[in-house]
Amino acid sequence: MIRPAELIQRKRDGQELGAEELRELVLGYTRDEVPDYQMAAFLMAVYFKGLSSAETFALTDAMIASGETIDLGAALGRKCVDKHSTGGVGDKTSIAVGPVVAACGVPFGKMSGRGLGHTGGTLDKLDAIPGYRVELTTEEFVAQLREVGLAIIGQSADLVPADKRLYALRDVTATVDNISLIAASIMSKKIAGGADAIVLDVKVGDGAFMKTLDDGRALAEAMIELGRRADRKVVCLLTDMDQPLGRAVGNALELREALATLRGAGPPDFSELVLSSAGHLLALSDLRVNQAQGRWRAEQAVADGSAVEAYERWIRAQGGDPSEDALPRAPVVREVTAPRAGWVRRLSAIQVGLAALHLGAGRATKEAEIDHAVGVICLRKRGDAVAAGDVLAEVHARDDASGEEAAREVLAAYELGEEAGRERKIILDIIG
Ligand code: URA
């Protein structure tokens with residue numbers, strides 16, 4: 001039997017712990033045998049001293065062992081692909097990528113999470129669709145993947161229960177932003193969720209957990225290594241989160257943008273990320289295509305309408321109404337205008353994310369209700385020229401007072417300069 005205080009002390013002193021010790025600690029914590037205060041101290045020791053690659057794998061393995069696992073490949077008799085983002089502002093990528101990949105004939109099964117802080121979660125966005133059921137049983141999930149080729153559901157409580165508890169503890173003990181802990185948290189869920197190949201989107205910038213490209217690369221490499229050890233193919237895209245992704249931030253607004261993108265009329269940065277991610281997923285699937293061929297197929301699925309059809313089949317299969325008119329609309333729309341002429345030099349993702357959060361698009365506390373109709377549309381983005389009085393953004397609000405406050409916050413997120421500045425691409429690097 002391990003003694004948690006000893007493990008905390010050894011980690012505090014920078015020693016490497018054994019796989020069996022980490023396993024007992026994590027399983028003991030999940031069974032309520034190790035109290036929160038000892039686990040919190042352990043997490044803080046890890047935060048300062050780090051984990052070796054062997055320890056990170058052992059932690060991931062222990063977290064997986066805390067619950068059930070699914071083998072989608074065996075259940076479907078073919079390869080299943082999945083994608084995951086580390087969380088950003090305006091990130092509706094899965095909602096567009098899933099239908100594109102499914103339209104190309106590859107099963108896309110995903111368990112998603114809810115929003116965290118200023119970042120939106122895929123499930124919260126899908127909740128904006130009247131009737132959509134996020135909670136399917138594992139049997140329903142597999143059956144829908146077999147019949148429709150696409151399912152996005154909430155994380156099952158039986159899968160990696162250790163992460164649920166550890167994440168909540170990290171959230172309140174300032175131990176979220178540690179590369180080993182993030183890598184173990186994400187990859188334990190991806191591996192237990194059963195996909196054979198995974199495309200990871202590591203967000204980098206002021207609106208992301210990873211603020212610098214170097215940190216983003218270190219996280220990507222840690223997750224690729226965990227995937228390799230678990231026999232899963234993993235490709236990591238490092239993508240820009242210094243400004244919001246696409247134009248829309250807020251649940252129903254983002255769904256409309258995902259739909260426009262499936263029809264070929266999405267914003268350039270978001271469309272690029274969707275097509276590139278889909279290309280990588282198809283290249284990792286059993287279609288026997290490379291990334292360029294995969295991307296070409298993804299482009300065809302958008303051009304010939306099969307991606308939108310896949311979206312409609314998927315939403316109906318999960319009980320939802322796929323029509324755009326069914327999505328809620330906010331009663332108040334306020335324009336944010338440019339106070340002078342210039343170029344958009346910066347558009348802070350975190351500030352737009354916080355404005356959307358204050359409007360009610362996200363949760364201020366775990367229990368808070370989300371307003372699915374509200375949010376922000378950033379019509380002008382970095383590198384755009386504007387004249388004085390041009391509309392920079394729209395704020396979609398529940399009432400005048402919250403709209404006015406958010407309009408002020410969104411205006412403060414914009415920095416106008418005398419020249420265009422150097423444009424940063426949406427995809428900063430690809431590893432794996
Ligand atoms: N997303 C996760 O699922 N876990 C983390 O630790 C951070 C982001």
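Order of listing sets the numbers, starting from 1, for every ligand and every atom in it.
At a threshold of 4.0 Å, the pair Arg78-Asp196 does not count as salt-bridged, since none of the basic side-chain nitrogens sits closer than that to a carboxylate oxygen. Remark: Lys125 engages Glu254 in a salt bridge, criterion side-chain N to carboxylate O under 4.0 Å. Contact check on Arg217 versus Asp214 returns a salt bridge, with a Lys/Arg side-chain nitrogen under 4.0 Å from an Asp/Glu carboxylate oxygen.
Taking a cut-off of under 4.0 Å to the non-hydrogen atoms of Ser185, the atoms of ligand 1 that pass are 2 (C), 3 (O), 4 (N), 5 (C), 6 (O). For ligand 1 and Phe209, the ligand atoms under 4.0 Å from any heavy atom of the residue are 7 (C), 8 (C). In the vicinity of Arg170, heavy-atom distances shorter than 4.0 Å reach the ligand 1 atoms 6 (O).
Under a 4.0 angstrom heavy-atom cut-off, Ile186 registers as being in contact with ligand 1.
No side-chain donor from either of Glu409 and Gln351 sits under 3.5 Å from a side-chain acceptor of the other.
Here's the thing with Lys189: one of its N/O atoms is less than 3.5 angstrom from an N/O atom of ligand 1.
Counting only residues at least two apart or in different chains, salt bridge (Lys or Arg N to Asp or Glu O under 4.0 Å) contacts with residues 180-194 comprise Asp82-Lys190, Asp163-Lys189.
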